[in-house]
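What follows is one structure encoded as structure tokens, with my remarks underneath.
Residue numbers start from 1 in every chain, and the chains themselves are labelled A, B, ... in the order their sequence lines are given, proteins ahead of strands.
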Amino acid sequence: MKRILSLLAAAAIFATTSAQAADITLLNASYDPTRELYKDLGDGFAAQWKAKTGDTVTLNTSNGGSGAQARAVIDGLQADIVTLALAADIDAIAKTAKLLPDDWQKKLPEASVPYTSTIVFLVRKGNPWKIKDWPDLVKPGIQVVTPNPKTSGGARWAYLAAWAYAEKAPGGNAGKAKEYVANLYHHVPVLDSGARGSTITFTKRGIGDVLLSWENEAQLALKESPGQYDVIYPSRSILAEPPVALVDKNVDRHKTRAVAEAFLNYLYTPEAQLIEAKDFYRPRDPVAAAKYKSQFPNIPLATVESDFGGWEKAQSTHFADGGVFDQIYQPGK
Amino acid sequence: MSGKFQNPTQDPLLLRIFLSLVAIGFVALFLVLPLLIVFKEALADGLGKAFAAIIEPDALSAVKLSLLAAGIAVPLNTVFGISAAWAVAKHDFSGKTILVTLIDLPFSVSPVVSGLIYVLVFGLQGWFGSYLLDHDIHILFALPGIVLATIFVTFPFVARELIPLMVDQGRDEEEAAISLGASGFSTFCRVTLPNIKWGLLYAVLLCNARALGEFGAVSVVSGHIRGQTNTMPLHVELLYNNYDYVGAFAVAALLALLALLTLVFKTILEWRYADELAAMHRH
């Protein structure tokens with residue numbers, strides 16, 4: 001057994017030392033729907049970096065539910081950068097594994113959120129159930145598809161969007177919001193672990209009447225299957241802020257700090273902002289925002305900071321073990 | 001009774017036809033049809049597209065990784081399986097039943113749990129995590145982790161196949177060889193091994209098929225890095241979730257073809273050596 005282990009270790013060392021100095025690889029641990037986005041951004045950055053330094057950069061990505069990805073990095077996935085669905089998941093990496101400083105969010109502009117998104121409804125073509133706004137989701141017989149808030153970032157944004165709507169609606173309060181959200185999750189037949197899983201459940205497997213989805217994910221589904229779905233913007237939703245961060249301990253070990261930092265800064269450049277807008281993420285840059293204005297309807301958006309007191313509080317109130325979500329959702333009921 | 005002669009040990013003709021139809025219908029509906037659909041979907045956009053999906057770099061790397069993982073796991077489990085079967089069948093020692101029970105463990109434990117075991121041991125927050133990291137040894141989310149997970153789930157195949165076979169054959173031939181002056185090693189090579197060769201080959205084929213197809217345990221320890229730590233089954237999942245259905249089914253078809261190849265090989269063996277195999281599969 002010892003011999004086997006040393007053989008395996010030798011194989012591992014061989015695998016890690018075979019990279020050349022001029023061939024740099026970065027590993028990006030990302031959340032579920034960014035597969036297409038980071039492929040485009042990786043290509044754009046590689047071209048720029050090659051012109052500037054002559055080095056070839058390859059951006060490898062690993063995709064999965066945001067919480068699951070944070071867990072993998074905590075368990076030792078050698079990610080140079082993390083681009084997750086919400087700040088709480090990167091906080092978890094900072095707190096549990098101490099791979100990056102607690103104030104990571106201050107290291108980059110816009111609180112480390114280069115692009116934003118929101119939560120919308122994806123319905124089947126022609127909107128047969130006439131779903132217009134949040135109250136329509138809890139009508140009798142409607143099936144709602146959304147991932148599991150325990151593992152998926154998009155699902156937590158969707159949950160908070162629903163909560164904020166019910167709390168702010170005329171006559172609404174925290175009690176009404178809890179009641180509405182509990183009712184909403186009774187209409188969910190299946191909780192996938194990640195946003196893309198839910199999209200596939202809704203589109204390919206044909207389950208459910210409405211998908212609670214990232215705006216970018218809904219727009220992408222529309223592009224992939226033209227004429228099969230409609231995107232519905234509710235009367236209000238939430239400003240979803242997926243942050244990015246450098247995994248300090250990992251980049252120092254891989255000696256990739258310079259290029260990883262350059263990549264994260266690249267995400268804010270006008271060129272990258274156009275790529276993000278093209279892939280249906282709401283850009284920060286006014287030029288890109290103006291160019292893709294028609295793609296991003298302006299609706300009132302709640303924010304985690306002002307409506308929920310920040311992610312730390314939202315996470316512990318709603319999604320921690322024994323939190324509100326655990327109180328309202330019992331599988332099979 | 002109708003006046004006709006009927007073999008008393010044979011069921012009525014109608015019942016036999018009915019049972020055969022049920023069996024064939026079941027196999028067709030639940031095995032052949034889905035398999036055909038995999039190939040149909042893979043070829044939905046033509047052979048060229050399917051082929052392109054297989055020779056694309058990420059897919060090739062997944063194929064290589066799967067073959068490499070199986071290439072390491074299967075020989076190790078073969079050596080282990082023969083040793084374990086040899087020990088159990090030909091020797092008496094205390095704790096034998098415990099060993100046999102332990103060999104069965106991977107069959108009864110969910111593959112996800114087997115993956116998590118390695119996360120707990122080799123993960124950064126696990127027992128050896130920080131030691132391994134300080135020495136730049138990558139086990140989890142790299143090839144060694146994938147190999148370990150594959151070894152774990154395919155661990156019982158060879159031993160499980162050989163133990164009943166070797167117990168059945170008894171120790172007489174070995175005892176005769178030893179008493180005629182043969183050494184332990186040459187007894188093993190010239191008496192035991194020839195006796196078990198077909199059973200062994202059969203077990204290795206099964207073990208290999210499972211090693212190539214393992215999803216759950218490998219999924220936990222892989223890290224899902226595109227083009228690096230995705231095995232073929234994981235690559236199929238990735239492509240499916242990327243809206244690349246033709247690609248997903250093309251790689252799935254390749255995986256199915258490898259399995260079918262194993263099956264064909266096994267059938268040829270059975271047909272060519274039917275008598276010998278029948279003698280071995282009495283139990």
message: Does atom NZ (A/K95) have a neighbourhood of more than 12 heavy atoms from anything else shown, all under 6.0 Å?
response: yes
Residues of residues 219-240 of chain B with a heavy atom under 4.5 Å from any heavy atom of chain A, in residue-number order, are B/G223, B/H224, B/I225, B/R226, B/Q228, B/L238, B/Y240
Cut-off 4.5 Å, heavy atoms of chain B, and the answer for A/L27 is side chain
field: Worked check of side-chain hydrogen bond (donor to acceptor under 3.5 Å, both in side chains) between A/R196 and B/N241
entry: CA-CA 6 Å; A/R196 186 56 62 87; B/N241 282 343; over 6 Å; no
Closest non-hydrogen atoms of A/L99 and B/L124, given as atom of the first, atom of the second and distance, are CD2-CD2, 4.1 Å
> Does atom CD1 of B/I98 have more than 12 heavy-atom neighbours from other groups under 6.0 Å away?
Replying inline: no
Whatever's closer than 4.5 Å to a heavy atom in chain B on A/I200 counts as side chain
When rounded to the nearest 0.5 Å, the distance separating OH of B/Y118 from CG of A/D75 is 15.5 Å
Within residues 125-134 of chain B, the residues sitting under 4.5 Å from chain A by heavy atom, in sequence order, are B/Q125, B/L133
Here the gap from A/L220 atom CG to B/Y243 atom OH, rounded to the nearest 0.5 Å, amounts to 5.0 Å
- Over 12 non-hydrogen atoms of neighbours within 6.0 angstrom of NZ in B/K96: yes
Distance col, row B/L140:CG vs A/Q78:CD, nearest 0.5 angstrom, shows 10.0 Å
key: A/K39, NZ: over 12 other non-hydrogen atoms inside 6.0 angstrom   = no
Bottom line for A/A68: the part with an atom under 4.5 Å from chain B's heavy atoms is neither
Cut-off 4.5 Å, heavy atoms of chain B, and the answer for A/N28 is neither
_Please check if the number of heavy atoms outside B/F93 that lie under 6.0 Å from its CZ is greater than 12._
yes
The interface call for A/T58 against chain B, heavy-atom contacts under 4.5 Å, is neither
How about B/F107: does its CZ atom have over 12 heavy atoms from other parts shown lying under 6.0 Å from it? yes
